[in-house]
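I have placed the structure first, in the form of C-alpha cells, so that the comments after it can refer back to it.
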Amino acid sequence: MSRILVVFLVLGVGCSLADPIYRNEEVHIPKLDGRIVGGQDTNITQYPHQISMRYRGNHRCGGTIYRSNQIISAAHCVNTLSGPENLTIVAGSSNIWFPTGPQQELEVREIIIHPKYRTLNNDYDAAILILDGDFEFNDAVQPIELAKERPDHDTPVTVTGWGTTSEGGTISDVLQEVSVNVVDNSNCKNAYSIMLTSRMLCAGVNGGGKDACQGDSGGPLVYNNTLLGIVSWGTGCAREKYPGVYCSVPDVLDWLVETVADKESVGKIDFL
C-alpha cells in the first residue's frame with residue numbers, strides 16, 4: 001500500500017507511512033510509500049484531485065486537493081520532516097516525470113498533522129498541507145469533497161497513485177487506478193488484530209492482487225467522487241488476506257473541516 005521506506009520497530013511491530021516502510025510477513029509493518037498493484041494507466045483528468053508530493057524534487061507520497069491552497073495527505077508522509085522546506089506539491093499531470101499538460105507546482109508553507117496521530121500503528125494518519133499560493137483549477141486540477149459516511153462492506157471504491165506496481169518494485173511513471181472493495185473492520189481485524197482502530201478503513205479484493213503499494217501513501221481512496229480514505233499502511237502489497245489500510249476520512253472529518261475553517265477564517269496569514 002502507500003508507504004514510505006522507513007521501518008519503525010516498536011514492541012516488535014513496525015509502523016510508519018510517511019517514510020517508505022517495508023512490509024514483512026512475520027512482523028506486520030505498516031508500509032508507507034505504496035504503488036498501485038493490479039491496476040491500469042489512467043489520465044489525471046479522471047482524478048484531477050490527485051497530486052504528487054515531492055521532497056527535493058523526488059516523489060514522496062500522494063495526496064488530494066481539498067482547497068486551492070490546501071492538500072490532504074497522510075501524517076506518516078510528513079511527520080519525519082523538520083518542516084516544509086524542500087517540500088512541493090505537483091498537480092495537473094498524468095506522468096510523474098514528463099508533464100502531460102500545464103503542470104502546476106507550489107511550495108508547501110505549513111504542515112498540520114492530526115494531534116492524535118500515533119506512529120506506533122499510524123492511527124489518525126491524516127495531515128493538511130498549506131500551500132504558498134493557489135492552484136488554478138482546470139480540467140486536470142480540481143478539489144474533491146469529503147465523504148461523511150463509510151459505505152457498506154464490499155462496496156467498490158477506487159485508489160490511485162504513482163506507487164510501485166508490485167511489492168518491492170519501482171514506482172510507475174503514469175498515474176494508476178485500481179478498483180477494490182471496502183472490507184468491514186470486523187473482518188479486517190482477522191489480518192491486523194489490535195493494530196486496527198475505528199479510525200482506519202480497509203479495502204481489498206478476494207484472493208489479493210489489487211492494492212495500493214509503496215509510493216501511494218497519502219493518496220486518495222475515492223467513493224462516489226468523494227474522498228473516503230487516505231492511503232496509510234498494510235502488510236506487503238496486494239497479498240491475499242491482507243487488505244490495504246486507509247485513514248478513514250469520515251472518522252477524522254470533524255478535525256479536517258475545523259482545521260480548514262480555521263485557516264480560511266483568518267485569510268492570508270503568516271504561516272509557520
Side-chain angles (χ1 to χ4, degrees), residues 1-35 37 61-62 73-80 113-127 150-151 153-154 157 159 161 163-164 167-168 180-208 210-221 228-253 255:
M1 303 220 50
S2 132
R3 296 85 181 159
I4 295 180
L5 306 178
V6 172
V7 176
F8 290 78
L9 295 179
V10 181
L11 299 178
V13 179
C15 295
S16 176
L17 296 179
D19 288 332
I21 268 189
Y22 298 98
R23 300 207 184 178
N24 180 294
E25 284 188 1
E26 291 68 39
V27 179
H28 295 172
I29 301 177
K31 214 167 186 180
L32 298 180
D33 298 327
R35 279 200 189 178
V37 177
C61 279
S73 190
H76 81 255
C77 286
V78 291
N79 76 307
T80 59
I113 294 174
H114 197 294
K116 294 184 178 180
Y117 172 64
R118 299 181 65 214
T119 57
L120 175 64
N121 64 343
N122 287 302
D123 200 6
Y124 294 97
D125 192 13
R150 291 178 180 233
H153 173 74
D154 218 28
V157 289
V159 60
T164 59
E167 186 175 332
V180 289
N181 300 318
V182 172
V183 177
D184 187 83
N185 275 27
S186 60
N187 294 330
C188 197
K189 278 186 174 292
N190 293 330
Y192 299 116
S193 186
I194 61 173
M195 292 284 290
L196 200 72
T197 75
S198 61
R199 277 76 55 185
M200 299 174 188
L201 181 151
C202 299
V205 295
N206 291 334
K210 295 183 178 183
D211 195 3
C213 197
Q214 292 107 332
D216 291 321
S217 285
L221 180 72
L228 175 64
I230 303 168
V231 179
S232 187
W233 61 279
T235 294
C237 298
R239 294 185 187 180
E240 184 178 5
K241 299 180 180 180
Y242 288 99
V245 184
Y246 302 76
C247 175
S248 171
V249 168
D251 292 286
V252 295
L253 183 64
W255 176 77

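Numbers here are sequence positions counted from 1. Note: hydrogens, waters and symmetry copies are ignored here, and every other heavy atom, side chains too, is used. Just so it is clear, the model here is predicted, and its values are computed rather than measured.
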Inset, instruction - Specify the closest pair of heavy atoms between C188 and V183, including all atoms of both residues, with the distance to one decimal. - result: N-CG1, 4.0 Å
Inset, instruction - For the residue pair Y242 and D211, confirm or rule out a side-chain donor-acceptor distance under 3.5 Å. - result: no
Inset, instruction - Could you label the plane-to-plane angle of the W233 and Y192 rings as parallel, tilted or perpendicular, counting under 30° as parallel and over 60° as perpendicular? - result: perpendicular
Legend entry - CG on D184 to CG on L201, rounded to 0.5 Å: 9.5 Å
Inset, instruction - Check whether any side-chain heavy atom of V182 lies under 4.5 Å from a side-chain heavy atom of R150, and answer yes or no. - result: no
Inset, instruction - Would you give the length of the straight line joining atom NZ of K210 to atom CG of N181, rounded to the nearest 0.5 angstrom? - result: 8.5 Å
Inset, instruction - Would you check if V37 and E167 make a side-chain contact, meaning some heavy-atom pair closer than 4.5 Å? - result: no
Legend entry - Residue pair C247 / Y124: nearest heavy atoms and the distance that separates them: SG-C, 4.4 Å
Legend entry - Closest non-hydrogen atom pair between S198 and N185, with its separation: CA-ND2, 4.2 Å
Legend entry - Donor-acceptor contact below 3.5 Å, side chain K189 vs main chain L196: yes
Legend entry - 4.5 Å side-chain heavy-atom contact, P250 and L228: yes
Inset, instruction - Would you confirm whether S73, through its side chain, and C61, through its main-chain N or O, come within 3.5 Å as a donor-acceptor pair? - result: no
Legend entry - Atom pair CG (D123) and CE (M200), whose distance is rounded to the nearest 0.5 Å: 4.5 Å
Legend entry - Side-chain donor/acceptor of T197 to backbone N/O of R199, under 3.5 Å: yes
Legend entry - Note, I230 side chain near Y246 side chain (heavy atom, < 4.5 Å): no
Inset, instruction - Supply the atom-to-atom distance Y117 OH to D125 CG, rounded to the nearest 0.5 angstrom. - result: 5.0 Å
Inset, instruction - Please indicate whether N206 has more than 12 foreign heavy atoms, meaning atoms of other residues, nucleotides or ligands, lying under 6.0 Å from its CG. - result: no
